[in-house]
Q: 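Mind looking over this structure? Questions follow.
Convention: sequence-line order gives letters A, B, ...; per-chain numbering from 1. When reading the values below, keep in mind they use all heavy atoms of this one structure, side chains included, and skip hydrogens, waters and symmetry mates. Predicted model only: the values in this text are computed from it and were never measured.
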Amino acid sequence: MRDKTRLFARIVGERCQGHARCVAIAPELFELDELGNAHARLHGLVPKGLEAKAWLAKANCPELALDILEQ
Amino acid sequence: MRSSATQSDLDNDFDHLDPSWIADPFPIWDEMRQNCPVAHTDKFNGVYFPTRYEDVRAIAYDTEHFSSRRLVVQVEPMDPPLIFPPITSDPPAHRAHRKLLLPLFTPDAIKRHEPHARAVCQELIGRLTGNQSCDGAADYARHIPVRIIAQMLGVPNQDADLFRRWIRELLELGITDPQMVAHATEEMCDYFAHAVDKRRKAPANDMITFLLRAEIDGQPLSNEHIVGTLRLLLIAGIDTTWSAIGACLWHLATHAQDRHRLVSARDLIPTAVEEFLRAYAPVTMAREVIKETKVGGCPVHPGQMVMLSFPAANRDPSVFEHADRVVIDRQNNGHVAFGLGIHRCIGSNLARMEIVVALQEWLAAFPQFELAPDAVVTWSMGTTRGPQQLPLRLG
Ligand code: HEM
Ligand code: SF4
C-alpha cells in the first residue's frame, strides 16, 4: 500500500442487519443507531493507524455490508 | 465417518435425527458438502439440507421463494401455522414487526442487563463451590438465559422449569409427536394471555407492558401478535443460549490448552466466543419453499421444507480457513450463527453478553475444570444443538 493511500469505510445501508461486529471491533470507526444498525463515523475516513481495524471489521461482517475504499 | 449409512442414503434420505448425526454432525456435513451439497429426504413430507455457505446465504436472502411461516421441520405441521412475529413474518409485514423490538436489544440496551447476568452466574457458581463435580448443562448453562429473559419479559423466574419443559416439548419431542406440540402450545398461549391481562390492569417496566403500548401504523398490536412475540422471545431467548454456553464449556472441558489460555488471557474470551459460535453454532432454522426455484443448481419444490443450516455453513472450508478446527483467536470470522438477512437474530447482543459473562465467571471460579472421568455427554437434536448432559470434574 502506498504511503499516501487513505482508507474510507462505508456501510452499505440496505445490507447491514445490525450484527454489531464492526462496532465491537472498531468503535473508533463505527457507531450504531437506535435500531442497532451501523454507520461510519468521521464520514468514513479511517484515521492513520486504524487501517488494520477497518479491514478486520470488514472481514467479520456476516452480511458483507462493509466496504473499504482505497483512495 | 459413519458406518450406518451409505452415500446414497445421504443423497436421498439424510436423517438429522440419527444418533450419529446428533452426536457428531460435522463429518457428515463435510461429506454431504463434498458429494451432495443439497441433500434431500422424503421424510417429514420432503426436506432439503444444503450444506454450502453460499447456498445457505442465498436462501436466507431470498424471501420471494422461501417463506418463514413454517420454520421447524415436524412430522405433522400445524395448520394454519402458529405465528411468532417477527420470526414467522415475511415481507412486507416483517419489517414493522421487527423494528418494534430492535431498540430493546442494541448493545447499549443490553449492557444494562449485564450486572444481573453476572449475579445469576455467581449465584449458580456459589451453589457449586466445594463440590468435586457437577453437570455443566443442568447445573449451570441451563439456568442463565432463562432468568435473564424472564426478568426482561416480566414473568416470574420461578416458572423456569415450566419454560424449559415447553421448549423441550416444542423443539425436540414435538418433532415426532404432534400432540406434544399442541399441548405445549396451548399451555404457553394460556400462560401469556393471562400475563398480558395482568399487565393491562397493572402496567410494569417490562416487555409485556412495552408490547401492550406498542403500535404499528397507529394501531395497537393484536392480542395474537403480542402473545406470539412473547412466545418467541421466551423460546428464542432460552434454549439457544444455554446450548451455546454448554458447547463452550464442553469445548473447554475437552481442550485443556484452550482452557489454560482463556484463564490466563481473559481479554481473549469475546474473540473465543465468536469462534465457539462459529464452530458449534446451535441454531438450524428452516423455510418453506413457496415458489419453484433452484438451490445450488438443484430444483426445489413448493410445499417442501429447506433446512437452513447456519452451523453447516460455518464449517464450509471455502469460506473459513481450517473450518474444522477450533481456533480460539481466529481473526477473520464472519460466521453466521445468528443468521443472515432480515431475520438476523434480534437477541445476538444479549446472547453474546450472556455467553461471555458465563465463561468469565466460570473460568474464574473453576480454572481447572474438565470432563468427568467416564462422562457420557449427550446432545439435543432438532432446531438447537447443545449438550444436554455434561458431567464435569470441577478440579
Ligand atoms: C447463541 C444464542 C442464539 C443463537 C445462535 C440464535 C440464532 C438465531 C438465528 C439463526 C436466527 C435467524 C432465524 C431465521 O433466519 O429464521 C434468530 C432469530 C431470532 N432470535 Fe436468536 N439466537 C440466539 C439467542 C437469542 C436470544 C437470547 C434472543 C432474545 C430474546 C433471540 C431472539 C431472536 C428473535 C426475536 C429472532 C427473530 C428475528 C426476526 O425474525 O427478525 N435469540 N436467532
Ligand atoms: S458488522 Fe456488518 S451487519 Fe453488523 S452492524 Fe456492522 S456493518 Fe452492519
Q: With only heavy atoms counted, which part of B:N349 is less than 4.5 Å from chain A, the side chain, the backbone, both or neither?
A: side chain

Q: Please look at A:N37 and chain B and tell me whether the side chain, the backbone, both or neither of the residue comes under 4.5 angstrom of a heavy atom of that chain.
A: neither

Q: Identify which part of B:I342 has an atom lying under 4.5 Å from any heavy atom of chain A, answering side chain, backbone, both or neither.
A: both

Q: Between B:Y280 and B:H251, how do the two ring planes meet: parallel, tilted or perpendicular, split at 30° and 60°?
A: tilted

Q: Quick check: does any side chain N or O of B:R118 sit under 3.5 Å from a backbone N or O of B:V357, one acting as donor and the other as acceptor?
A: no

Q: Let me know if A:L35 has heavy atoms under 4.5 Å from chain B in its side chain, its backbone, both or neither.
A: both

Q: Between the main-chain N or O of B:N314 and the side-chain N or O of B:R278, is there a donor-acceptor pair closer than 3.5 Å?
A: yes

Q: With distance as the sole criterion, is a donor-acceptor pair present between the side chains of B:S348 and B:R344 under 3.5 Å?
A: yes

Q: I need the residue from A:R21, A:E34, A:K58 with the largest number of non-hydrogen atom pairs under 4.5 Å to chain B.
A: A:R21

Q: So, for B:I144 and B:C121, which heavy atoms are closest and what is the spacing to 0.1 Å?
A: CD1-SG, 3.8 Å

Q: Hey, are B:R330 and B:E274 close enough for a salt bridge, meaning a charged N less than 4.0 Å from a carboxylate O?
A: no

Q: Picking from B:H335, B:R57, B:K99, which has the most non-hydrogen pairs under 4.5 angstrom with chain A?
A: B:R57

Q: Looking at A:A20, A:C61, A:G18, which makes the most heavy-atom pairs under 4.5 Å with chain B?
A: A:G18

Q: Please look at B:Y61 and chain A and tell me whether the side chain, the backbone, both or neither of the residue comes under 4.5 angstrom of a heavy atom of that chain.
A: side chain

Q: So what's closer than 4.5 Å to chain B heavy atoms on A:I25: side chain, backbone, both or neither?
A: neither

Q: At a heavy-atom distance under 4.5 Å, which candidate from B:T106, B:L101, B:V336, B:N333 has the highest pair count against chain A?
A: B:N333

Q: Which heavy atom in B:R287 sits nearest to a heavy atom in B:L71, and how many Å separate them?
A: NH1-CD2, 3.4 Å

Q: Which bit of A:E63 comes within less than 4.5 Å of chain B, counting heavy atoms only: side chain, backbone, both or neither?
A: both

Q: Please classify the contact of B:F310 with chain A as side chain, backbone, both or neither, using a heavy-atom distance under 4.5 Å.
A: neither

Q: Indicate whether the side chain of B:S68 and that of B:H343 have a donor and an acceptor atom separated by less than 3.5 Å.
A: yes

